[in-house]
Amino acid sequence: MRRFLVLLAILCVTVPFGASVAGCGSKTAAVRYCPGNPTNGPSAGQVAQITLSPTFATYGLSLDFAQIGPALSASAVDCFGATVSVRAFTYATSNMSFADINPANGEVCGGTWNRNSGGGIADYTTCTPPTTLA
């Protein structure tokens, strides 16, 4: 009878412990790295390419001084071509003497946007022509 009680006590301790350890194992999806980097680097789901529309390199954009052009839109894909969701894009320019871009929505100005002008005038509402042509 003692042997039976000892066996029952061991089973009562080991079975729940074994079940809890077996439940801890989880199968995570294997990381898919981009072609050319089989073990490291960018992986699927990370932004690999951002495309602006309208495509300035293909179509070009011509603005008169102080003219407001169309807003830019952007989309992103990973290295496998799948669309990647991006919370927000921030637009900028490298030469504000010729063109300025509203960082929030990508609207293009043929000159310079008003920023922090005060007096109740909202930012990025007035496009002024450049004063110098550098």
Side-chain angles (χ1 to χ4, degrees):
M1 183 72 168
R2 269 186 165 171
R3 289 182 193 169
F4 179 71
L5 290 175
V6 170
L7 178 63
L8 187 60
I10 291 174
L11 285 176
C12 287
V13 172
T14 58
V15 169
F17 177 75
S20 67
V21 170
C24 289
S26 63
K27 295 184 179 184
T28 58
V31 177
R32 285 182 55 204
Y33 290 107
C34 293
N37 296 317
T39 58
N40 61 12
S43 61
Q46 292 181 337
V47 175
Q49 180 179 355
I50 296 173
T51 304
L52 290 176
S53 178
T55 307
F56 293 125
T58 305
Y59 303 112
L61 179 66
S62 179
L63 294 176
D64 286 334
F65 290 139
Q67 182 182 2
I68 298 173
L72 301 171
S73 64
S75 60
V77 295
D78 66 6
C79 58
F80 294 102
T83 302
V84 178
S85 175
V86 176
R87 184 170 25 111
F89 290 97
T90 302
Y91 301 93
T93 181
S94 60
N95 188 349
M96 289 193 320
S97 297
F98 293 109
D100 197 0
I101 300 175
N102 182 336
N105 64 13
E107 236 177 7
V108 181
C109 161
T112 306
W113 285 113
N114 64 314
R115 289 184 179 80
N116 307 316
S117 53
I121 300 171
D123 291 343
Y124 304 104
T125 55
T126 305
C127 180
T128 56
T131 56
T132 60
L133 299 175

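For N102, the side chain to side chain donor-acceptor pair (under 3.5 Å) partners two or more places apart in sequence, or in a different chain, are N105. Applying the side-chain contact (heavy atoms from CB on, under 4.5 Å) rule to V47 yields the partners I50, A76, V84, V86; only residues at least two apart in sequence or on another chain are considered. Under the side-chain contact (heavy atoms from CB on, under 4.5 Å) criterion, L63 pairs with L61, Q67, V108, not counting sequence neighbours. For S43, the side-chain contact (heavy atoms from CB on, under 4.5 Å) partners are V31, Y33, Q46, not counting sequence neighbours. Residues that satisfy the salt bridge (charged side-chain N to carboxylate O under 4.0 Å, His left out) test with R32, not counting sequence neighbours, are absent from this structure. Residues forming a side chain to side chain donor-acceptor pair (under 3.5 Å) with D123 (at least two apart in sequence, or on another chain): none.
A disulfide bond (SG atoms under 2.5 Å apart) check over residues 71-121, counting only residues at least two apart or in different chains, returns the pairs C34-C79, C109-C127. Listed by first then second residue, pairs satisfying salt bridge (charged side-chain N to carboxylate O under 4.0 Å, His left out) with a partner in residues 66-90 number zero, not counting sequence neighbours. Contacts classified as salt bridge (charged side-chain N to carboxylate O under 4.0 Å, His left out) and involving residues 88-113 (residues at least two apart or in different chains) are given here: D100-R115.
Closest heavy-atom contact between Y91 and L72: OH-O, 3.6 Å.
Side-chain contact between T128 and N114: absent, with no pair of heavy atoms (C-beta onward) separated by less than 4.5 Å.
Applying the 4.5 Å side-chain rule to ILVMFWY residues, one finds that F80 remains a lone member of its cluster. Taking Ile, Leu, Val, Met, Phe, Trp and Tyr as members and joining any whose side-chain heavy atoms lie under 4.5 Å apart, directly or through other members, the hydrophobic cluster of W113 also contains I68, Y124.
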